[in-house]
Amino acid sequence: MLLHTKKRSFRILLPLLLCFFLSGCSTGGASGKTELYTPGKTSVLVPEASGEETLGGDPLLMDISNRNQGYCMALLNEEGKKAAIQIIGPDGVTYKYFLEEAGVYAVFPLTAGDGDYLILAYENVGGDQYASLFSQSITVELDNEFLPFLYPNQYVDFTEASEAVSLAAQLSADAETDLDALTGIYEYLISHLTYDNEKAENVQSNYLPDVDSTLKTGTGICFDYASLMAAMLRSLGIPTKLEIGYSASIRHAWVDVYIESVGWVEHAVEFNGDEWKLMDPTFASTGKDDPAMANYIGDGENYTVQYIR
């Protein structure tokens with residue numbers, strides 16, 4: 001049994017780590033009392049590693065104290081070490097994460113909802129070889145179903161000090177509803193970002209987006225687009241899923257958004273007055289004036305989900 005309980009407490013802002021994509025349109029009701037979008041107000045949730053419940057120790061410590069908030073955290077506490085974590089939720093999907101930076105907590109979302117999760121941790125022993133550190137099953141009962149899609153994590157990394165958060169607040173200053181805020185941010189991003197083809201051809205497998213860097217350079221790949229948009233919307237209390245998978249046969253990332261008057265809008269979060277259309281910030285920014293591209297974006301059957309971040 002590798003579950004430890006402690007009484008020490010410390011608050012952290014977070015780092016990040018790895019890379020990788022959902023479908024359909026459904027409604028969902030709120031549970032718990034997590035505050036969602038409030039006009040004129042940002043809502044940046046801060047992950048904490050309280051140390052009350054932990055797994056492992058050296059070289060990898062995993063804090064599961066706040067699993068019911070929809071996340072867990074991991075700390076690599078030996079310089080020069082590398083570690084890998086696998087999290088398998090009740091949906092049966094295996095999420096893989098890698099840690100290479102010592103002394104900084106990484107945040108991992110628990111996106112499969114309530115149920116039992118299996119956590120597997122490994123230490124790199126050379127090259128691409130890993131040895132098992134621990135294996136532990138934990139039970140998650142979310143305080144609110146939206147929490148995994150409101151907190152920052154390794155893939156959607158932001159803090160109150162992020163430029164992306166500041167810009168989201170500016171763009172939504174006059175927005176009376178979450179849909180107004182969403183529209184303003186979406187229109188800004190597809191007008192100000194351009195796709196980086198060279199980066200796409202050379203991106204590493206464990207690449208992690210930097211939302212402020214994407215904002216500053218105005219360029220990025222689909223993963224950067226989706227991560228930035230998710231960070232900006234989450235910072236306003238708008239639940240957003242970073243989706244990773246395929247567009248036809250091409251590796252791709254996009255977002256799904258929860259709109260309070262509608263529910264979860266998946267593959268279709270742009271409303272033209274008659275129908276909901278898919279919001280894909282990458283394709284929309286590169287082909288917004290191309291009718292063929294617009295039709296492709298509007299067809300949810302072109303998208304296949306692998307992972308939800």
Side-chain angles (χ1 to χ4, degrees), residues 1-6 12 14-23 31-32 47-78 81-102 104-125 128-157 205-206 208 241-245 253 304-309:
M1 186 68 166
L2 291 158
L3 179 64
H4 309 300
T5 59
K6 302 179 183 178
I12 59 95
L14 50 151
L16 80 165
L17 244 102
L18 175 71
C19 151
F20 280 39
F21 317 170
L22 180 100
S23 93
S31 60
E48 297 180 356
S50 68
E52 294 178 0
E53 293 184 85
T54 63
L55 305 175
D58 294 329
L60 180 69
L61 179 69
M62 193 146 189
D63 192 304
I64 60 170
S65 307
N66 290 300
R67 60 187 181 277
N68 293 345
Q69 288 285 301
Y71 67 87
C72 55
M73 304 176 70
L75 176 68
L76 190 61
N77 49 32
E78 291 186 23
K81 293 285 188 178
K82 296 180 181 180
I85 293 172
Q86 293 185 12
I87 300 177
I88 306 172
D91 58 358
V93 177
T94 300
Y95 287 81
K96 299 179 181 180
Y97 303 92
F98 298 91
L99 295 133
E100 298 183 358
E101 183 178 1
V104 182
Y105 268 102
V107 182
F108 307 126
L110 302 171
T111 57
D114 294 348
D116 293 331
Y117 289 72
L118 178 62
I119 298 177
L120 306 166
Y122 303 89
E123 176 184 6
N124 182 269
V125 292
D128 59 357
Q129 300 298 306
Y130 286 81
S132 178
L133 289 172
F134 61 81
S135 172
Q136 180 71 43
S137 178
I138 64 173
T139 298
V140 173
E141 296 180 3
L142 293 173
D143 294 338
N144 184 287
E145 67 187 82
F146 299 123
L147 288 169
F149 313 111
L150 289 171
Y151 271 99
N153 62 49
Q154 193 184 49
Y155 287 72
V156 184
D157 188 38
S205 60
N206 292 341
L208 291 170
K241 297 176 181 178
L242 170 60
E243 306 285 359
I244 301 171
T304 304
V305 183
Q306 274 192 308
Y307 306 102
I308 304 172
R309 308 293 191 181

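Just so you know, these numbers come straight off a predicted model, no measurement behind them.
Residue Pro109 comes nearest to Pro148 through the heavy atom pair CB-O, 4.4 Å, listed as atom of the first residue, atom of the second, then distance. Nearest approach of Arg309 to Tyr155, heavy atoms of both residues: NH2-OH, 2.9 Å. Counting all heavy atoms, side chain and backbone alike, Ser135 lies closest to Leu120 at OG-CD2, 3.1 Å. Smallest separation of non-hydrogen atoms from Val125 and Ala131: CG1-CB, 3.8 Å.
Rounding to the nearest 0.5 Å gives a distance of 9.5 Å between CZ of Phe146 and NZ of Lys241. For the atom pair CD (Glu53) and CD1 (Ile138), the distance works out to 9.0 Å, reported to the nearest 0.5 Å.
Using a 4.5 Å heavy-atom cutoff, the side chains of Pro59 and Asn77 are in contact. In this structure, Phe149 and Val156 have side chains that are not in contact, with every pair of non-hydrogen atoms separated by 4.5 Å or more. The shortest distance between side-chain heavy atoms of Glu78 and Asp58 falls below 4.5 Å. In this structure the side chain of Leu55 reaches within 4.5 angstrom of the side chain of Ile64, judged on heavy atoms. Cys72 has its side chain within reach of Leu110: a pair of non-hydrogen atoms, C-beta onward, lies under 4.5 Å apart. Between Phe134 and Met62 the shortest side-chain heavy-atom distance falls below 4.5 Å.
The only member of Asp63, Asn153, Val107 that meets side-chain contact (heavy atoms from CB on, under 4.5 Å) when paired with Pro47 is Val107. Checked options Leu133, Leu60, Leu76; the residue passing with Glu123 is Leu133 (criterion: side-chain contact (heavy atoms from CB on, under 4.5 Å)).
In this structure, the side chain of Thr111 engages the main chain of Ile308 through a donor-acceptor pair within 3.5 Å. A side-chain donor-acceptor contact under 3.5 Å links Asn68 to the backbone of Glu141.
Remark: Tyr95 pairs with Tyr307 by the ring pair (Phe, Tyr, Trp, His ring centres under 6.0 Å) rule, at least two apart or across chains. Judged as a ring pair (Phe, Tyr, Trp, His ring centres under 6.0 Å), and not counting sequence neighbours, Tyr122 has no contacts. For the side-chain hydrogen bond (donor to acceptor under 3.5 Å, both in side chains) test, residues two or more places apart in sequence or in another chain that qualify with Asp116 are Thr139. For Gln69, the side-chain contact (heavy atoms from CB on, under 4.5 Å) partners two or more places apart in sequence, or in a different chain, are Asn66, Tyr71, Asp143, Leu147, Tyr151. Applying the side-chain contact (heavy atoms from CB on, under 4.5 Å) test to Asp114 and every residue at least two apart in sequence or in another chain returns Leu142.
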Show which side-chain atoms of residues 82-94 pair as donor or acceptor with protein atoms under 3.5 Å away, not counting sequence neighbours.
from: Asp91; atom 1: OD1; to: Val93; atom 2: N; distance (Å): 3.2

